[in-house]
Amino acid sequence: MKRLIVVCLLVAVSGCVSDSTGEDPKTAPKTQKLVITGSSTVAPLAAEIAQRYEQDHPNVRIDVQTGGSSRGMADARKGLADIGMVSRAHKESERDLTPHLIAHDGLCLIVHATNPVSELTREQIIHIYQGQIENWKEVGGDDAEIVVVHKAEGRSTLELFLKHFQLDNSEIQPDIVIGDNQQGIKSVLGNPHAIGYVSIGAAEYEVEQGRDLKLLPLGGIEASTAHIEDGSFPLSRELNLVTLGEPQGLAAEFIRFAQSEAVHDLIEGLYFVPIQK
Amino acid sequence: MFPSKSDFLLRLTTCLLSWVSALILVLIVWFLFVESELVWREVGVLRFLTDDRWSPSGDFSSAQFGLFPMIVASLLLAVGSILLAAPIGVGAALFAAYYAPRGVRQIFPRIVELLGGIPSVVYGLWGLVVLVPLISAYHPPGTSLLAGIVVVAIMILPTVALLTLSTFQQLPTSLIHSAAALGIAPTGIVRSVILPASRSGIMTAVLLAVTRAVGETMAVLMVCGNVIQAPSSPFSPVRTLTANIALEMAYAMQSHRSALFATGLALMLVVTLLVLIAEQQRGKAGHV
């Protein structure tokens with residue numbers, strides 16, 4: 001019986017220790033290796049850029065891992081990664097890291113396509129997330145309870161959302177707390193009375209795939225990649241690569257490549273907005 | 001006990017192996033303690049139970065470490081799902097062992113094994129796309145304790161059914177024949193011979209299933225809504241201890257990270273508690 005108890009305990013804890021990162025020890029001779037970690041928003045883009053870079057440089061191996069902007073900065077700082085990915089503007093307090101802007105991304109509020117509400121004011125959004133408005137009919141929609149989809153602590157999307165609406169995380173009364181953009185989109189698609197916020201790129205892509213999703217405009221400005229590009233959409237953020245100090249060698253070369261026009265099609269392919277030099 | 005030399009070698013090897021398996025448990029607990037040491041030193045145990053909210057990043061003075069609602073959620077989820085899965089599993093095993101025609105009797109365990117082999121994320125996806133909208137139509141938001149209980153019950157059903165079935169198959173047939181010879185009706189045999197004689201085996205099945213229910217992460221993360229609160233009804237969204245770790249570990253730093261390892265320790269405690277309760281129940285049950 002004792003053995004059974006041991007087995008049971010092992011089964012139960014196995015879920016919490018599986019977070020180890022599978023990084024290989026340093027580079028093998030000849031092939032050069034670049035480790036990039038961080039924001040799950042930047043990661044798909046970095047992975048595509050890396051793939052194209054590897055095609056041109058056969059002896060380079062680039063390993064892209066996600067884990068959020070905070071991890072990207074921590075790994076770059078500790079030297080666990082050559083380059084960190086951060087999906088927001090660089091802060092004053094992070095002087096030790098050098099940012100390299102590669103694209104812009106916007107955040108937008110999404111509802112189900114069948115929801116008759118087509119615009120919400122800043123106050124209405126704040127009140128919905130604070131739980132003061134609980135029914136869609138209070139903002140001109142159907143008589144149905146609003147299902148508020150919110151992000152989990154630590155996500156940069158959450159940080160950007162809270163900062164823009166000047167909300168404190170403790171004031172928010174969510175019905176669903178989610179991890180990444182995909183989970184947010186699925187939650188809203190599965191519930192006609194839900195409201196959530198995700199990257200515009202991700203949302204626009206789903207709409208183009210014919211999914212029943214509606215992007216709400218903000219302050220009268222339509223939520224679209226075009227309006228991120230001209231800087232008129234208020235809820236937007238920078239996508240940065242960060243390095244500890246000035247980048248050297250392979251890292252510097254990769255960052256130059258990521259900022260060049262050669263990857264603009266990849267950036268647009270993911271509905272991000274390239275930087276205009 | 002075993003005087004010959006080859007027996008001595010075998011004894012030594014098996015002894016070492018059993019110590020290794022015990023040591024793994026000790027190492028895991030030690031690892032959880034070391035990783036969560038920061039919060040124990042700065043915050044102490046009590047605040048994990050008394051703090052109102054969970055917002056573990058930032059200063060220790062302003063951060064909040066309330067784990068209690070998540071402990072409640074984990075327990076309710078495990079208890080709810082086993083209450084749903086145990087009767088179905090035991091009933092299905094009874095049918096498969098004693099009533100089913102020969103063909104079904106052979107196919108049944110294979111089908112249930114297959115059910116147990118489906119990855120947890122697939123159950124989660126099914127829950128999110130099918131079950132949650134169904135519950136939402138009745139009582140929004142849909143992502144809820146109830147959704148978690150149903151999904152986890154389906155996931156632990158194979159454990160209950162298969163282990164119970166193998167217990168039934170190990171019962172001596174003479175027991176059933178004697179009961180039949182005494183003129184006891186089939187219902188009576190099931191109720192007063194088969195079930196009491198298998199009680200210990202069924203409890204083991206339930207125990208394994210409960211620990212799996214407490215440890216289940218991915219599917220629960222997808223269908224439970226992950227809002228940190230003690231549920232006021234089965235329709236309230238909840239966050240379990242496992243979901244808390246999985247949702248936040250990827251980008252947790254310092255105090256936040258340390259607090260998540262403390263969550264892991266709390267999870268171990270909950271499992272230990274459940275195992276102890278089950279052990280006690282089984283001790284009471286005795287044998288026929």
Side-chain angles (χ1 to χ4, degrees), chain A residues 1-19 21 38-40 65-74 134-135 144-156 158 168-170 172-180 183 186-187 189-194, chain B residues 18 21-22 24-25 28-29 31-32 53-57 64 125 128-129 132-133 136 140-143 204 207-208 210-212 214-218 221-222 225-228 237 239 241-242 245-253 256 260-261 263-264 267-268 270-272 274-276 279 282:
Chain A
M1 188 55 218
K2 272 183 195 150
R3 235 178 321 161
L4 182 60
I5 298 178
V6 171
V7 171
C8 295
L9 294 176
L10 288 182
V11 169
V13 288
S14 59
C16 31
V17 291
S18 58
D19 189 49
T21 53
S39 161
S40 65
Q65 298 170 8
T66 61
S69 299
S70 328
R71 179 178 164 200
M73 283 191 299
E134 290 186 323
N135 197 304
E145 227 173 281
I146 301 177
V147 173
V148 176
V149 182
H150 187 52
K151 289 239 175 180
E153 185 139 339
R155 297 272 171 186
S156 74
L158 168 86
D168 189 77
N169 203 12
S170 60
I172 294 194
Q173 305 281 323
D175 295 305
I176 304 177
V177 176
I178 50 137
D180 56 20
Q183 205 186 348
K186 286 214 176 66
S187 298
L189 285 175
N191 195 322
H193 307 301
Chain B
S18 71
S21 49
I24 291 174
L25 174 69
I28 287 177
V29 174
F31 163 78
L32 287 175
R53 293 187 302 109
W54 170 265
S55 75
S57 36
Q64 296 263 306
L125 213 54
L128 193 62
V129 176
V132 169
S136 173
T143 47
T204 306
L207 174 63
L208 270 173
V210 166
T211 49
R212 182 166 179 211
V214 177
E216 178 47 44
T217 309
M218 199 56 217
L221 178 74
M222 291 166 87
N226 305 317
V227 179
I228 303 167
R239 185 185 297 187
L241 292 166
T242 48
I245 298 172
L247 204 59
E248 298 188 352
M249 188 54 99
Y251 31 76
M253 319 281 293
H256 188 182
L260 288 179
F261 278 100
T263 312
L267 186 61
M268 293 263 328
V270 169
V271 174
T272 314
L274 286 172
V275 171
L276 286 178
E279 274 294 282
R282 186 153 55 168

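Just so we're on the same page: letters track the sequence lines, and every chain starts at 1. Source: prediction; values computed, not measured.
- Contacts between B:Val227 and chain A at a heavy-atom distance below 4.5 Å involve backbone atoms as well as side-chain atoms.
- What you find for B:Pro133 and A:Gly190 is that their closest heavy atoms are CG-O, 3.7 Å.
- With sequence neighbours excluded, the residues forming a side-chain contact (heavy atoms from CB on, under 4.5 Å) with B:Asn226 are A:Val177, A:Gln183, B:Leu221, B:Arg239, B:Ala243, B:Leu247, listed by chain and number.
- Partners of A:Ser187 under the side-chain contact (heavy atoms from CB on, under 4.5 Å) rule, at least two apart in sequence or in another chain, are A:Val149, A:Ile176, A:Ile178.
- Using a 4.5 Å heavy-atom threshold, the side chains of B:Pro56 and A:Glu153 count as touching.
- Using a 4.5 Å cut-off between heavy atoms, A:Asn191 contacts chain B through its side chain alone, with no backbone atom that close.
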